[in-house]
Amino acid sequence: MDKTYQPHAIERSWYQTWEKKGYFAPSGEGTPYSIMIPPPNVTGSLHMGHGFNNAIMDSLIRYHRMKGHNTLWQPGCDHAGIATQMVVERQLGAQGVSRHDLGRDAFIEKIWEWKEQSGGTITNQIRRLGSSVDWSRERFTMDEGLSEAVKEAFVRLHEDGLIYRGKRLVNWDPKLHTAISDLEVENIDEKGFLWHLRYPLADGATTADGDTYLIVATTRPETMLGDSAVAVHPEDERYQNLIGKEIILPLVNRRIPIVADDYVDREFGTGVVKITPAHDFNDYEVGKRHNLPLINVLDRDAAILATAQVFNVDGTANNDVDTTLPEAYAGLDRFEARKQIVAAFEAANLLEKIDDHALKTPRGDRSGVVIEPWLTDQWYVSAKELAKPAIEAVENGDIQFVPKQYENMYFSWMRDIQDWCISRQLWWGHRIPAWYDDAGKVYVGRDEAEVRSKHNLGDEVTLRQDDDVLDTWFSSALWTFSTLGWPQNTDALKTFHSTDVLVTGFDIIFFWVARMIMMTLHFIKNDDGTPQVPFKYVYVHGLVRDSQGHKMSKSKGNVLDPLDLIDGIGLEALVEKRTANMMQPQLAAKIEKQTRKEFPEGIASYGTDALRFTFCSLASTGRDIKFDMGRMEGYRNFCNKIWNAARYVLMNTEQQDEQGSCIGALDCGQNGGEVELSLADRWIISRLQRTEQQVEKAFGEFRFDLAAQALFEFIWNEYCDWYLELSKPVLWDENATEAQLRGTRRTLVRVLETALRLAHPMMPYITEEIWQRIAPLAGKSGDTIMTQPYPLVNAERIDAQAEADIEWLKGVIVGIRNIRGEMNISPAKHIPVLFEHVSDDDQRRIAENARFLRKLANLESVTALTADDEAPLSAVQLVGEMKVLVPMAGLIDKDAELARLQKELDKLTKEVARVGGKLNNPSFVDKAPEAVVAKERAKLEDAEKAKQELQAQYDKIAAL
RNA sequence: AGGACUAUAGCUCAGUUGGUUAGAGCGCUACCUUGACAUGGUAGAGGUCGGCAGUUCGAAUCUGCCUAGUCCUACCA
């Protein structure tokens, strides 16, 4: 074995072996356990969040696989409608071709081509992360089977009356030319203006103050072209006489009514609001209440129309309203139109004033442009009814969120859920299975033939399929069951659904988790007709952030590719990677500077296991995960520690040639034979059981950080720091018996072998690599650690006596080391040690552990004094009541020792005062549980005794 | 506006049902190439647990208020 841990030498080949041998597929035996990977966006590449996610899921999957479950982890991607279409359009754009030049079919073919080329990125990343997904069951939302499922779901929902089509205001993206759902709109704080406009009253009416106009305030003056009313509060005394009268809308000269509606806030502005039902969601509601016409003045690019389009609130065309618009603005972009309209108001002396105003601007999360409420025909899922059982499933615990607090977030959204706009004006996606006849009547069916036969439509009727496609999240919502073969009732569906746990970030609880729950409960039923949940647990993890705590995003240029932490990357390559293909190239310089500052040396290579272990150790209950390179380096070092511990074990249990290759095994008890376990052996075996307990508990509670910590502490602080050291005096003792040697060798290999299995779910590669060589020495056989049983606690092997004895031993050794350290005695120097005030237990422990003491504390001699012996002047450490003495002669400076004692005495004085104070408080003694009081009494007694001893010692030395 | 979450060592974070001398890793200081490991070892320094009140014999832990930060939802035109 190499002297240091070299991850690259072992990772790739093990993954290939595992995959080739089919270890990732379900075993077909045992209780089913399944996880569906949250499908990454096929256009993209995995970022740190995915890396984190994968580390968690793979740990769970490997853990359950080792526990003998019939384990399925199914991978796949979603087609990411808008994002993918954008990427391919941009590529075509670079060649001067638009998708319209190509036509729909050819364009979709281009997307498939592109997907073939780039789809390998993600699968390669998943492999490099060590994820043991069943590649044979990889799925893609646009695959035939899943497309079937989408169609089926749409048709059934429509039949159930849960999907409808209607003309509504939607969030329109004027750049991408599609509707998007509420969730895809980001409301961003921006600075804007509030324009106060004068709207002249018709028919000579005047306000209470005698003005001939009303003042409305607006952040979007250009929409005034579509105003269909002005509203005041019904109880607003200022405007009582004007309700029912009319306004002459400036520039347009349309007469519009003054209505009363309690939507209006009297305190805000002038208490008068312009109502534009076709261009504002609130105004739309007001319009509905007052039966106002919907006057659309914008086209799909959000430019001003030459003539308005007018509808009634029920969506029918309105022919009563004059559609004339001023010619000056026709074809102008909304922002240009805004400027000119404001100028026109000013010129007409109708501009009262302009105030600065902070507002939230709705922007498309993909395009970044301002979203326009726009009147269109769209398909909707009525969510209220679907939400009911989805809420219940969480209320009654069929689905549990971990941590639980996320249930509140879920409930609050579900209880106020809005209908979901599922149609998108895109080409890439599942085309809506709806057809129209020439009269515009709509028919829904699985295909045109079904529609014709169902509605008795002869060939003379021409049918045209809806051009639109479905929201990607619609297909993702079916993910847990569509990927298992639904609508067929496949064996896979019966076996692996409900899945066990969904692992995801809280940012997509609404987008995905909630919708999956609604859809699954609706479509998937048990034999008794009760609905099936998509998953029993939702493990919600935090978002991975950079070291500054900022969210990682491409536009900020602070993203990290998990592979770059695994393999390492030079500074230049990292800068290049972060600044390539930017949506906003002007940020490149800033990103470059920032990158050079944060990673002046680039990024070192840490290997997959260290990365995964780091992710696990960060998986506590918080919402943010600040990724800390220092922490990962620490865990890389941990891998090295394991590596070297294994080297040591192998050196002492194998027969090795000059190069360290194995040429035979020493007797580790693999073939039986008498075995004598030392105290240290019994101790480490006991500690191993406790570690197994902790890890088991932590996995059960999704506390991967605690599992990682328990493993780390056991392996480093107990096995390496103490046990390996304690094994040396036995292994190197020429007088050791065969049974003793066999016992220690057996414990060395068995504990290591078990620890490897314990750690394997989190660190698959290093554990496999070492296990291959350790297993035979531990009497284990098998092709891979992956399918070995996960360690089970054996409570009988917990040995409290051994633990107490080793604690004593550690106390003595640390005490001596402390004197050495503080007194500057060279570690190389052999020193004598004496024990005074020795109890029977101490006597036994000294006798049993003399050789350990000598070796680990590097002692010249170990002497237990009897009551009659006179102790030489010494530096002293207390272990319980026993005094550990290091004679001062020639070694220790008087003043240094006094200072050291004084420090100890100060500590003890404080302790005595603190505990004594507590015990002097009668209400404490009266009210606290007896055990607690007894504990405090013992504490006080110990501290007082220790203080006395040390004080006496101090006086003795001081007197010299 | 409503709600959630967070605040513990210089940094990144643990801390189970209230009872610890409040822990870990990194960083820092001193010493050490001892036959697994310098990606290491030994010893050590470092914390008024955001602030203020309260409940309690006892609070990092429970309650209220405040401050700071993060986020979500809704929104005043």
Side-chain angles (χ1 to χ4, degrees), chain A residues 1 3-5 187 194 216-220 223 231 263-265 267-276 280-283 357 359-360 403 405-406 408-409 412-413 416 506-507 509-510 543 545 547 549 551 604 606 610 617-618 620-652 697 701 703 705-706 709 712-713 716-717 720-721 724-725 728 732 814 817-822 824-828 855 858 907 910-911 914-915 918 921-929 931-933 935-936 939 943:
Chain A
M1 283 174 87
K3 195 172 167 185
T4 51
Y5 160 66
N187 293 303
L194 199 54
V216 300
T218 180
T219 54
R220 308 198 49 204
T223 63
Y263 153 72
V264 179
D265 177 357
E267 309 299 316
F268 191 91
T270 55
V272 186
V273 188
K274 65 193 267 306
I275 300 297
T276 323
D280 182 283
F281 288 101
N282 289 309
D283 292 6
H357 187 66
L359 68 159
K360 295 251 191 190
Q405 72 231 24
Y406 288 105
N408 292 329
M409 193 168 158
S412 70
W413 190 70
D416 188 32
F506 64 84
D507 52 332
I509 287 181
F510 308 140
L543 256 42
R545 295 169 183 280
S547 55
K551 198 166 165 177
Y606 297 96
S617 73
L618 295 173
S620 60
T621 56
R623 260 193 2 187
D624 298 319
I625 297 157
K626 271 194 229 177
F627 197 83
D628 180 13
M629 290 287 172
R631 196 118 175 212
M632 184 163 57
E633 188 174 343
Y635 292 126
R636 194 270 319 266
N637 295 351
F638 177 49
C639 290
N640 187 59
K641 194 74 182 174
I642 296 174
W643 187 259
N644 276 290
R647 283 183 66 218
Y648 168 80
V649 171
L650 291 170
M651 286 165 92
N652 288 288
K697 180 165 184 277
E701 295 168 348
R703 286 300 302 269
D705 59 328
L706 299 180
Q709 197 189 350
F712 183 94
E713 271 175 15
W716 200 316
N717 303 129
C720 292
D721 282 353
L724 294 190
E725 294 308 319
K728 289 174 184 175
W732 299 347
V814 169
R817 284 177 182 168
N818 177 281
I819 291 172
R820 258 189 209 278
E822 302 257 313
N824 274 323
I825 299 170
S826 157
K855 170 70 187 151
N858 198 19
K907 229 191 260 178
K910 259 193 230 162
E911 174 77 355
R914 196 180 61 83
V915 180
K918 232 182 198 181
N921 179 352
S923 48
F924 171 71
V925 182
D926 288 350
K927 294 188 182 172
V932 173
V933 178
K935 202 170 149 193
E936 292 298 312
K939 217 188 270 179

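Note that the structure is predicted; figures quoted are calculated from it, not measured.
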For [X], which contact category applies under a 4.0 Å heavy-atom criterion: base, sugar-phosphate, or nothing?
{"X": "A/Ser412", "value": "nothing"}
{"X": "A/Trp732", "value": "base"}
{"X": "A/Met651", "value": "sugar-phosphate"}
{"X": "A/Cys639", "value": "nothing"}

Quick one: [X] [atom1] to [N] [atom2], roughly how many Å, whole number?
{"X": "A/Tyr635", "N": "B/rC26", "atom1": "OH", "atom2": "P", "value": "9 Å"}
{"X": "A/Arg820", "N": "B/rG41", "atom1": "CZ", "atom2": "P", "value": "18 Å"}
{"X": "A/Gln405", "N": "B/rA4", "atom1": "CD", "atom2": "P", "value": "11 Å"}
{"X": "A/Asn187", "N": "B/rA1", "atom1": "CG", "atom2": "C1'", "value": "14 Å"}
{"X": "A/Met1", "N": "B/rC37", "atom1": "CE", "atom2": "P", "value": "12 Å"}
{"X": "A/Asn637", "N": "B/rG25", "atom1": "CG", "atom2": "P", "value": "12 Å"}

(request) Taking Watson-Crick and G-U wobble pairs with both distances under 3.5 Å, convert RNA chain B into its dot-bracket string, 5' to 3', dots for unpaired and | for cross-strand pairs. (result) (((((((..((((.....[...)))).(((((.......))))).....(((((..]....))))))))))))....
Does the side chain of [X] get closer than 4.0 angstrom to OP1 or OP2 of [N] through an N or O atom?
{"X": "A/Asn858", "N": "B/rU34", "value": "no"}
{"X": "A/Lys3", "N": "B/rC37", "value": "yes"}
{"X": "A/Trp716", "N": "B/rG41", "value": "yes"}
{"X": "A/Asn408", "N": "B/rG3", "value": "no"}

(message) Quick check: on RNA chain B, is the nucleotide nearest A/Tyr648 upstream (toward 5') of the one nearest A/Asn818, or the reverse? Name the residue that is more 5'.
(response) A/Tyr648
(message) Taking the nucleotide of RNA chain B with the nearest heavy atom to each, does A/Val925 or A/Val814 sit closer to the 5' end?
(response) A/Val814
(message) List the residues meeting side-chain hydrogen bond (donor to acceptor under 3.5 Å, both in side chains) with A/Asp416, not counting sequence neighbours, and say none if there are none.
(response) none
(message) Say we look at B/rC49 and B/rA22: how far apart would their C1' atoms be, to the nearest angstrom?
(response) 8 Å
(message) In whole Å, measure the gap between the P atoms of B/rG64 and B/rG3 for me.
(response) 12 Å
Report, one pair per line, the protein and nucleotides 27-31 of chain B atoms (nitrogen or oxygen only) whose separation is under 3.5 Å.
none

Grab the N/O contacts between the protein and nucleotides 46-49 of chain B below 3.5 Å, and write none if there aren't any.
none

(request) Spell out protein contact along nucleotides 10-22 of chain B as letters: B when the base is contacted, S when just the sugar-phosphate is, - when no protein heavy atom is under 4.0 Å; keep the 5' to 3' order. (result) --BSSSB--BSS-
Could you go through residues 632-641 of chain A and list every donor-acceptor pair under 3.5 Å that involves a side-chain atom there, pairing it with any protein atom two or more places apart or in another chain?
unit_1, atom_1, unit_2, atom_2, d
A/Asn640, OD1, A/Tyr5, N, 3.1
A/Asn640, OD1, A/Asn644, ND2, 3.3

(message) Would the base of B/rU39 count as contacting A/Arg636 through its side chain, where contact means a donor and an acceptor less than 3.5 Å apart?
(response) yes
